[in-house]
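Beneath this line is the structure, given in structure tokens, with notes to follow.
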Amino acid sequence: MFALADCNNFYASCERLFKPTLIGLPIVVLSNNDGCVIARSNEAKELGIAMGAPYFQIREKLEQNNVAVFSSHYTLYGDLSARVMTNLARFSPDIEVYSIDECFFSLSGFSDLKAYSDKIRSTVIQNTGIPISIGVAPTKVLAKVANKKAKKADGVMVLEGPAEISDALANFPIEDIWGIGRAHATRLLKLGIETADQFRKLPEEWVRREMTVVGARIWNELWGMSCIPLKMVLDPKKNMCTSRAFGKPIEEISELEQAAASYASRLAGKLRREKLCTNVLSVKLLTNRFGDSAAQYFPSLSIPLDYPTSNSVDLVKMAIRGVRRIYRRGYRYQKVEIMATQLIPESEIQMNVFTGHSTKKDKISKALDELNKYYGAGTVRIASEGIKQKWSLRRDFLSPHYTTDWNDIIKVG
DNA sequence: TCTGGGGTCCTAGGACCC
DNA sequence: TCTGGGGTCCTAGGACCC
């Protein structure tokens, strides 16, 4: 049996944890640049605030209803997520941390799954303050279904026998099935397939032909045949990307270079943290796709590197070179994407006799990491990243670093 | 003025090799 | 009328996830 634990309205719950005065009140959390809504407390959902709604369009409504608004604060959420996962790990030998707020784990060999899940749930809530729901079923796809049902029940739902499962699927909307996205849902709805139960009654061959093996796996999982195993060890990453919209549009190449340098440096840091090196660096510029009238331009360039690297100096240099190659005057750029592909572990690097590895550059990178870890991200930068970063993120409603910065720690009394 | 960011998997088609 | 066959690798694009 598989269990899925999912934190309720995770980001909103994290913000509320440190502001108990907000209990019972509506909360929303905004995306980077305070762009749109990415998390809502139940009270905010009840007000009819849609997921993904652009902030500037609903600002008045939020003010009228006294909704508490927060900029997203991933350091805080990451820290609280780790606490939840640590607690869950005490209850099962096999766990898969699936995302920042979700965790699959095996309950095979356990008895009285309802009572055990209730205990897990109350322990996590007690120890972390984050409310969670648990769904249990014979496959991952069914555990997802159970989890949705748990949210509407008392926080735990176990689906075990065939009759119980049929019942649960009978009125389960097709578009809510894990793995069926907008495109497939639209198509299936047109064919009159509206529920999970109708979907699994389609012939398997049809599903396989029209929705590839991915669809066939979901189909089998809905019949209780497990096809998606627990992933207890993470596969090594294949790509890594730093991409972020600017606080305001950029037209000048000098500012684009700064931003690209800055993103490349951040990317290099992420690579080093995961002990990976990249063979190819890609740079992409994007104009604002929502600006109907403005001219659009989405150039990109992949730069093969002479040797796999993760050092900031090399990657920043390449990113700037990329921007210079693809930049064209006359556009209002909204975003730059720096992507590293063909990643390999640091330990597997084949030395190139001619270019080799520069220990000096590696030492610079290491010093950067250590200084920034101690004094805070971005304290020491490469000069081309610029000092006055006019394009940097807008985060007008950022909460304090309650758990990750001594200066922001909660004071009692 | 303002509309997120970071990933994975699968397939099809082209290039290339023997 | 005829123009091999089979394999691998790479890339682009689509679909999906949280």
Side-chain angles (χ1 to χ4, degrees), chain A residues 4-11 28-39 50-60 62 69-74 77-78 81 96-104 140-141 144 147 175-188 208-218 227-228 231 234-250 263 266-267 270-271 274 276 279-280 282 284 286-292 294 298 300 302 304 332 334-343 390-391 393-397:
Chain A
L4 171 65
D6 178 315
C7 302
N8 302 348
N9 315 325
F10 183 52
Y11 299 165
V28 299
V29 178
L30 303 178
S31 64
N32 274 337
N33 275 319
D34 297 335
C36 51
V37 173
I38 55 167
M51 186 70 171
Y55 173 61
F56 73 96
Q57 282 176 5
I58 59 168
R59 185 159 61 204
E60 268 182 34
L62 296 178
V69 177
F70 294 92
S71 302
S72 41
H73 190 162
Y74 292 105
Y77 312 149
S81 168
E96 170 190 348
V97 176
Y98 176 68
S99 73
I100 194 162
D101 68 335
E102 282 177 59
C103 179
F104 284 106
K140 281 179 154 183
V141 169
K144 275 271 188 182
N147 188 282
E175 65 270 22
D176 288 353
I177 300 173
W178 186 44
I180 298 205
R182 228 186 22 208
H184 284 139
T186 312
R187 239 186 102 204
L188 289 163
R208 186 176 292 270
R209 195 175 59 241
E210 301 296 325
M211 300 172 63
T212 77
V213 298
V214 183
R217 274 204 284 264
I218 297 169
C227 311
I228 310 175
K231 239 191 213 166
L234 287 183
D235 294 339
K237 263 197 192 133
K238 292 166 187 154
N239 311 306
M240 206 184 265
C241 172
T242 300
S243 146
R244 203 155 293 131
F246 308 129
K248 64 178 186 92
I250 296 184
Y263 291 15
R266 182 186 287 258
L267 181 66
K270 280 201 277 186
L271 284 168
E274 304 204 15
L276 293 167
N279 281 295
V280 179
S282 306
K284 184 172 186 180
L286 299 94
T287 47
N288 189 344
R289 63 185 196 284
F290 291 100
D292 316 327
F298 308 105
S300 69
S302 288
R332 287 161 64 80
Q334 189 224 8
K335 188 192 264 194
V336 56
E337 261 178 36
I338 308 290
M339 178 144 68
T341 51
Q342 295 181 29
L343 306 185
K390 285 185 276 182
W391 38 268
L393 276 188
R394 240 192 353 259
R395 302 211 279 180
D396 291 342
F397 315 104

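Every chain is numbered from 1 and lettered A, B, ... according to where its sequence line falls, protein lines coming before strand lines.
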Can you tell me which stems DNA chain C forms, taking runs of 3 or more consecutive Watson-Crick or G-U pairs with both distances under 3.5 Å? B:5-18 with C:5-18
So does A:Ile38 get a backbone contact from the side chain of A:Ser31, meaning a donor-acceptor N/O pair under 3.5 Å? no
What are the 5'-most and 3'-most nucleotides of DNA chain B lying under 4.0 Å from any heavy atom of chain A? B:dC2 to B:dT11
Assign A:Met240 to base, sugar-phosphate, or nothing according to its heavy-atom contacts below 4.0 angstrom with the strands shown. sugar-phosphate
Quick check: on DNA chain B, is the nucleotide nearest A:Pro249 upstream (toward 5') of the one nearest A:Val214, or the reverse? Name the residue that is more 5'. A:Pro249
Checking A:Arg394 side chain against A:Gly247 main chain: does a donor-acceptor pair fall under 3.5 Å? yes
Looking only at heavy atoms, what is the nearest atom pair of A:Lys390 and A:Lys248, with distance? O-CE, 3.9 Å
Base, sugar-phosphate, or nothing for A:Leu393, non-hydrogen atoms under 4.0 angstrom? nothing
Quick one: label A:Ser72 by what it contacts on the DNA or RNA (base, sugar-phosphate, nothing), any heavy atom closer than 4.0 Å. nothing
For A:Arg217, report the nucleic acid contact type (base, sugar-phosphate, nothing); a contact means any heavy atom under 4.0 Å. sugar-phosphate
Between NZ of A:Lys140 and CD of A:Glu96, what distance do you get to the nearest 0.5 Å? 3.5 Å
Tell me, which of residues 96-104 of chain A have any heavy atom that sits under 4.0 Å from an atom in DNA chain B? none
Take A:Glu175 and A:Arg182 through the test salt bridge (charged side-chain N to carboxylate O under 4.0 Å, His left out) and record every step on the way to the result. CA-CA 7 Å; A:Glu175 65 270 22; A:Arg182 228 186 22 208; over 6 Å; no
Taking NZ, NE, NH1 and NH2 as the nitrogens, is one of them in A:Arg244 or A:Glu337 under 4.0 Å from a carboxylate oxygen of the other? no
What contact category does A:Glu337 fall into here, base, sugar-phosphate, or nothing, at under 4.0 angstrom with non-hydrogen atoms? nothing
Smallest separation among heavy atoms of A:Ser72 and A:Arg395, with atom names: O-NH1, 3.4 Å
Main-chain N/O of A:Gln342 paired with A:Asn279 side-chain donor or acceptor, under 3.5 Å: yes
Would you kindly compare A:Ser31 and A:Thr212 by the position of their nearest DNA chain B nucleotide and give the one closer to the 5′ end? A:Ser31
Are any side-chain N or O atoms of A:Asp101 and backbone N or O atoms of A:Phe10, one a donor and one an acceptor, separated by less than 3.5 Å? no
Just by modelled atom types, is the A:Phe290 backbone N or O under 3.5 Å from a matching donor or acceptor in the A:Asn288 side chain? yes
Looking for any heavy atom pair under 4.0 Å, which part of the strands does A:Lys248 touch: base, sugar-phosphate only, or nothing? nothing
Please state whether the rings of A:Phe104 and A:Tyr98 are parallel, tilted or perpendicular, taking 30° and 60° as the class boundaries. perpendicular
